[in-house]
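Step one of this worksheet: look at the structure below.
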Protein chains: 2
Amino acid sequence: MALDHAILVSLLEQPGSGYELARRFERSIGYFWTATHQQIYRVLKRMESDGLLDVRDIPQQGRPDKKEYSVAGPGRDALAAWLHEPIEPESLRHDLAVKIRGAAFDDPAALIREVERHHRVHSERLEHYLTGERRDFTGPGAPAPLDAGQELQHVVLRGGIAYERMTVAWLDDVLATLHRIGPAAPRT
Amino acid sequence: MALDHAILVSLLEQPGSGYELARRFERSIGYFWTATHQQIYRVLKRMESDGLLDVRDIPQQGRPDKKEYSVAGPGRDALAAWLHEPIEPESLRHDLAVKIRGAAFDDPAALIREVERHHRVHSERLEHYLTGERRDFTGPGAPAPLDAGQELQHVVLRGGIAYERMTVAWLDDVLATLHRIGPAAPRT
DNA sequence: TCGTTCTATGCAACTCGTTGCATATCAAGA
DNA sequence: TCTTGATATGCAACGAGTTGCATAGAACGA
């Protein structure tokens, strides 16, 4: 249930509506957690009825009303309790690796385009993260010195950057391997 | 549904029972996919009734009978079809990163032990993978030259190694950051 | 001898996550 | 004018994944 906690953290950093949260999950929170808007709305409703969140209805002109959520006392306590519990070190779930091993029973060369596509996506994410880092942490307009919260946000972002960099390098390795074994016949 | 495909690949590499598959998922396949035995048994049953797998009952002495599964023709076709479809580049889901950002609203120093624990687990996984690499690919007893299937298994393992190495280095960074901001008061 | 671990399979209940669909208004462009 | 896209929220159904429990004999160590 880390989605609950990710939402609590995000709302502590800045209160907002379900729609706004969904957009944050496409951006900064997306470094380490993903969620669709349907999921978010459902969880927000549940957490509000459990008293973890407060809601404020904000009427808007020409747009549907917006419900701004913020963290209530019990929500803060729930987050603190979770922070003090140990969690399992998580493991990878990497479909592409399944495909790569599966390619031994098909045509390995046919995978090259797919791997190149993934390479592009991860390179773009890396660029995107680096741009965000310059804007918020290392560029000329960034605050200095950073406070504790910003330091923590920065180290999480560095994790996202390290992940994308590692992935891009590995995909280079995969491509080189596919080219090397290129003309090989599939295993029967 | 990549679990289905991971099972197909594993059974093509080597037919086996649900129990054996579960153990493989704790080892080599665990580099890129995890699954519990309950999940595996359920999926095996479904794939068998869909005609993707064949079963052979193997009676054993002093032990419950074993059901050895192998991939049938339609299973092979299903895998080939999936290999030719594009898949979404996946994103991270990292609870620990949620905790790190959440620590800004609690006591950052309290996270140090937790991060150290994760550091240990990932270091052990890295050692484990490196041992496997020496045994199967780079050590003196390893086959040389490798065939296409072994090359692909090796590049996937290199991915697991790169991931663990990157993670350990990032956790070092996280620890340094936590120590640096150590005495800071939590945000209110 | 007694508990634990390993082999081997499975059900039931539950939560989590995804997909498809639906509504409603405004702004911008073709 | 008509369509697309952004804002803003939501239901229903399904599929994936987790947790707890149950069975049962063999091997092994305390």
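Treat the numbers as computed from the prediction; the structure is a model and nothing was measured. Every chain is numbered from 1 and lettered A, B, ... according to where its sequence line falls, protein lines coming before strand lines.
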Pick the nucleotide of DNA chain D nearest each of B:D4 and A:G18; which residue has the one closer to the 5' end?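 Going by which nucleotide is closer to the 5' end, it is A:G18.
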What is the separation between atom [atom1] on [X] and atom [atom2] on [N], rounded to the nearest whole Å?
{"X": "A:H37", "N": "D:dA6", "atom1": "NE2", "atom2": "C1'", "answer": "13 Å"}
{"X": "B:K66", "N": "D:dA26", "atom1": "NZ", "atom2": "P", "answer": "17 Å"}
{"X": "B:F25", "N": "D:dA16", "atom1": "CZ", "atom2": "C1'", "answer": "14 Å"}
{"X": "B:I40", "N": "C:dA8", "atom1": "CD1", "atom2": "C1'", "answer": "13 Å"}
{"X": "A:D95", "N": "D:dA16", "atom1": "CG", "atom2": "P", "answer": "12 Å"}
{"X": "B:I58", "N": "C:dT7", "atom1": "CD1", "atom2": "P", "answer": "16 Å"}
{"X": "B:H5", "N": "D:dA16", "atom1": "NE2", "atom2": "C1'", "answer": "14 Å"}
{"X": "B:E90", "N": "D:dA16", "atom1": "CD", "atom2": "C1'", "answer": "17 Å"}

Which is more 5' along DNA chain C, the nucleotide nearest A:Q38 or the one nearest B:Q38? Just name the residue. B:Q38
Please figure out whether B:Y69 or A:R42 has its closest DNA chain C nucleotide nearer the 5' end.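 Result of the comparison: B:Y69.
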Nearest to the side chain of B:K67, which nucleotide is it out of D:dA16, C:dT9, D:dG17? C:dT9
Looking only at side-chain atoms of B:Q39, point me to the closest of D:dT9, D:dG17, C:dT7. D:dG17
Are A:H84 and B:D106 close enough that a side-chain donor and a side-chain acceptor fall under 3.5 Å? yes
Donor-acceptor side-chain pairing of A:R158 and B:T177 below 3.5 angstrom: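 A donor-acceptor contact under 3.5 Å links the two side chains.
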OP1 or OP2 of [N] sitting under 4.0 Å from any side-chain N/O of [X]?
{"X": "B:R93", "N": "C:dG17", "answer": "yes"}
{"X": "B:T36", "N": "D:dG17", "answer": "no"}
{"X": "A:Y41", "N": "D:dT9", "answer": "yes"}
{"X": "B:K45", "N": "C:dT9", "answer": "no"}
{"X": "B:Y19", "N": "C:dT9", "answer": "no"}

Can we say A:E13 and A:R24 salt-bridge, meaning some charged N sits less than 4.0 Å from an Asp/Glu carboxylate O? no
Atom CZ of B:R56: over 12 foreign heavy atoms under 6.0 Å: no
How about A:H122 and A:W170: are their ring centroids closer than 6.0 Å? no
For B:E20, report the nucleic acid contact type (base, sugar-phosphate, nothing); a contact means any heavy atom under 4.0 Å. nothing
